[in-house]
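Everything on this sheet refers to the single structure shown next.
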Amino acid sequence: MNGIRIRGTGRCVPERTVTNSDLAKIVDTSDEWITTRTGIERRHHCTGETHGALCAAAARRALERAGVGPEEIGGCIVATVTGETLVPSAACALQKELGLPEDIPCFDLNAACTGFLMGLHTMECLLTASRRRYGLVVGAEVLSRILDWTDRSTCILFGDGAGAAVVEWNEEFDSISAELGVRGDDQVLRLPGVETGGHSYLTMDGKKVFKFAVEAVPECIDRVLRRTGKAVEDVDFFVFHQANARIIDLAVRKYRIPPEKYYKNIQEYGNTSAASIPIVLSELQEQGRVRSGSRVLLAGFGGGLTWGGALVEFA
Ligand code: COA
């Protein structure tokens, strides 16, 4: 015992939609190629919106839905690799913007696309050691800023957006049983830091990431089911990191997950990295497809190479 449940979720995506046909005007690609290989039809890219504004809007919505005031929050984690500034962190900026308490931990977390999952686990640990009951975990990215617009194999994949969850800790709640890990590889997915002298955009060997992902996702599901002693039928909903529809389809087929128990929104947003899982959660909560008592299995993977799974209940 001693765990967190999700109370409220929110999301914010930039207004501007970029279709596959829009991208075909700047790189040698086609709507047909992108749709069949990835499932992506469009994505949202920032024009005027800032990373901080996306975080704040998603977080406000999550607080509202949770019925929790900013003064009740006991910790704030923003999972991101694209914050506006390294210092102050996006989480510090959010503390100021929302008026979160001064005496709580607020920091950014970089675990690439697995960031939200690692953030949830970290928040569960923080709240276990805190006097406060609620925590705010945000996943936010403005990936359009770090894409190489001459590389058709990467620039078509990613979108901008933010998702947020307000979680509640209680000693009566089960732990989310997060299973997290890293298969260290510094080549297949890279975004150089400030002093590496390399290109400042993302590079990726898509085939190798694909191969990793189709192993990692089932591994995450197996680990979480084993640890919690649950079966596929005990899970109300499966939420996958939205990186490629084919990766999701393979997992769905392997575990025979019925259509009403999983969800894809990659067609609308592309891969929004750390934001992808909380954006899915907020759409599901808004549509009433997950509600109080729903048990949701999350599975994700990303640069690092990182992987993670967790079984989280809605409060
Ligand atoms: N439009 C048209 N053709 C493209 C293209 C594009 N946008 N991008 C690549 N191609 C071409 C390649 O140049 C290659 O051509 P060639 O055979 O003449 O060399 C061909 O399409 C096949 O490329 P390949 O890389 O084998 O395609 P793929 O089926 O593996 O799909 C990805 C590429 C990137 C969509 C796929 O590998 C993938 O989704 N990987 C996982 C990426 C991911 O999840 N990243 C995020 C991690 S969180």
Side-chain angles (χ1 to χ4, degrees), residues 18-43 45 79-82 109-119 139-161 163 180-191 201-220 239-252 264-267 269-280 298-309:
V18 178
T19 64
N20 293 343
S21 307
D22 292 334
L23 291 178
K25 290 178 194 146
I26 58 170
V27 285
D28 182 13
T29 190
S30 64
D31 177 43
E32 205 253 329
W33 193 95
I34 301 173
T35 312
T36 52
R37 299 289 179 118
T38 70
I40 300 167
E41 293 167 19
R42 65 194 82 82
R43 68 289 288 144
H45 285 168
T80 190
V81 296
T82 53
L109 184 154
N110 169 2
C113 301
T114 318
F116 181 78
L117 268 156
M118 298 228 182
E141 301 292 3
V142 181
L143 296 163
S144 58
R145 273 208 212 106
I146 50 135
L147 295 176
D148 175 357
W149 294 104
T150 64
D151 177 7
R152 67 178 181 174
S153 70
T154 54
C155 75
I156 52 124
L157 295 173
F158 298 94
D160 302 339
L180 306 166
V182 178
R183 190 184 296 172
D185 189 309
D186 61 359
Q187 292 305 315
V188 301
L189 210 173
R190 254 179 101 77
L191 177 61
Y201 48 72
L202 181 145
T203 54
M204 182 179 71
D205 182 331
K207 257 196 190 337
K208 286 195 176 143
V209 177
F210 193 95
K211 191 165 174 284
F212 164 68
V214 297
E215 287 169 23
V217 171
E219 173 75 16
C220 291
V239 171
F240 301 102
H241 170 46
Q242 309 279 308
N244 186 317
R246 288 189 287 146
I247 296 171
I248 298 172
D249 292 343
L250 284 168
V252 162
K264 274 190 272 188
N265 62 11
I266 187 167
Q267 66 282 0
Y269 303 119
N271 179 349
T272 56
S273 188
S276 97
I277 287 179
I279 289 176
V280 171
L298 314 178
F301 62 90
L305 295 165
T306 52
W307 51 263

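Since the structure is predicted, the reported quantities are computational estimates derived from the model, not experimental observations. Atoms within a ligand are numbered from 1 in the order they appear, just like the ligands themselves.
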Any protein heavy atom at under 4.0 Å, with [atom] as the reference point?
{"atom": "atom 20 (C) of ligand 1", "answer": "no"}
{"atom": "atom 17 (O) of ligand 1", "answer": "no"}
{"atom": "atom 32 (C) of ligand 1", "answer": "no"}
{"atom": "atom 14 (C) of ligand 1", "answer": "no"}
{"atom": "atom 26 (O) of ligand 1", "answer": "yes"}

Side chain proximity check, [X] to [Y], heavy atoms < 4.5 angstrom:
{"X": "Thr306", "Y": "Cys113", "result": "no"}
{"X": "Phe210", "Y": "Arg246", "result": "yes"}
{"X": "Trp307", "Y": "Leu117", "result": "no"}
{"X": "Phe158", "Y": "Leu202", "result": "yes"}
{"X": "Trp149", "Y": "Leu23", "result": "yes"}
{"X": "Thr154", "Y": "Thr203", "result": "no"}
{"X": "Phe212", "Y": "Val188", "result": "no"}
{"X": "Asn271", "Y": "His241", "result": "yes"}

**Prompt:** Ion pair present between Arg183 and Glu215, side-chain N to carboxylate O less than 4.0 angstrom?
**Reply:**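 A salt bridge is present here (some side-chain N lies under 4.0 Å from a carboxylate O).
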**Item:** Salt bridge present between Asp185 and Lys208 (N-O < 4.0 angstrom)
**Value:**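 A salt bridge is absent here (no side-chain N lies under 4.0 Å from a carboxylate O).
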Could you identify the single nearest non-hydrogen protein atom to [atom] and state the distance to 0.1 Å?
{"atom": "atom 43 (C) of ligand 1", "result": "Val209 CG1, 3.6 Å"}
{"atom": "atom 1 (N) of ligand 1", "result": "Thr29 OG1, 2.6 Å"}
{"atom": "atom 48 (S) of ligand 1", "result": "Cys113 SG, 3.0 Å"}
{"atom": "atom 24 (P) of ligand 1", "result": "Lys207 NZ, 3.8 Å"}
{"atom": "atom 29 (O) of ligand 1", "result": "Arg37 NH1, 2.7 Å"}
{"atom": "atom 44 (O) of ligand 1", "result": "Ala243 CB, 3.3 Å"}
{"atom": "atom 8 (N) of ligand 1", "result": "Trp33 CH2, 3.4 Å"}

**Message:** Whether the Asp160 and Ser144 side chains hold a donor-acceptor pair (N or O, under 3.5 Å, no angle test) is what I'd like checked.
**Reply:** yes
**Item:** Residue pair Glu141 / Thr80, side-chain donor-acceptor N/O under 3.5 Å
**Value:** yes
Quick check: [X] and ligand 1, any N/O pair under 3.5 Å apart?
{"X": "Arg152", "answer": "yes"}
{"X": "Asn271", "answer": "no"}
{"X": "Gly206", "answer": "yes"}
{"X": "Thr38", "answer": "no"}
{"X": "Asn244", "answer": "yes"}

Per-atom contacts of ligand 1 with [X], taking only distances under 4.0 Å to non-hydrogen atoms:
{"X": "Gly302", "value": "48 (S)"}
{"X": "His241", "value": "48 (S)"}
{"X": "Phe301", "value": "44 (O), 47 (C), 48 (S)"}

**Message:** Does only the side chain of Phe210 get under 4.0 Å from ligand 1, or the backbone, or both, or neither? Count heavy atoms.
**Reply:** both
**Request:** Using a 4.0 Å heavy-atom threshold (strictly under), name the region of Leu189 that reaches ligand 1: side chain, backbone, both or neither.
**Result:** side chain
**Prompt:** In Å and rounded to the nearest 0.5 Å, what is the NZ to CG distance from Lys211 to Asp205?
**Reply:**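 Atom-to-atom, Lys211:NZ and Asp205:CG are 11.0 Å apart.
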**Gap between atom OG of Ser273 and atom CZ of Phe116 - 0.5 Å precision** =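 Spacing of CZ (Phe116) from OG (Ser273) equals 13.0 Å.
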**Request:** From atom 45 (N) of ligand 1, work out which of Lys208, Met204, Lys211 has a heavy atom at the shortest distance.
**Result:**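 The residue whose heavy atom sits nearest atom 45 (N) of ligand 1 is Met204.
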**Request:** May I ask whether Asp28 has any heavy atom positioned less than 4.0 angstrom from an atom of ligand 1?
**Result:** yes
**Prompt:** If you measure from each heavy atom of Ile34 to ligand 1, is any distance below 4.0 Å?
**Reply:**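 Per 4.0 Å heavy-atom rule, Ile34 does not contact ligand 1.
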**Asked** Can you check whether Gly39's main-chain N or O pairs, donor with acceptor, with Thr35's side chain at less than 3.5 Å?
**Response**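 The answer is no, because no donor-acceptor pair under 3.5 Å joins these two groups.
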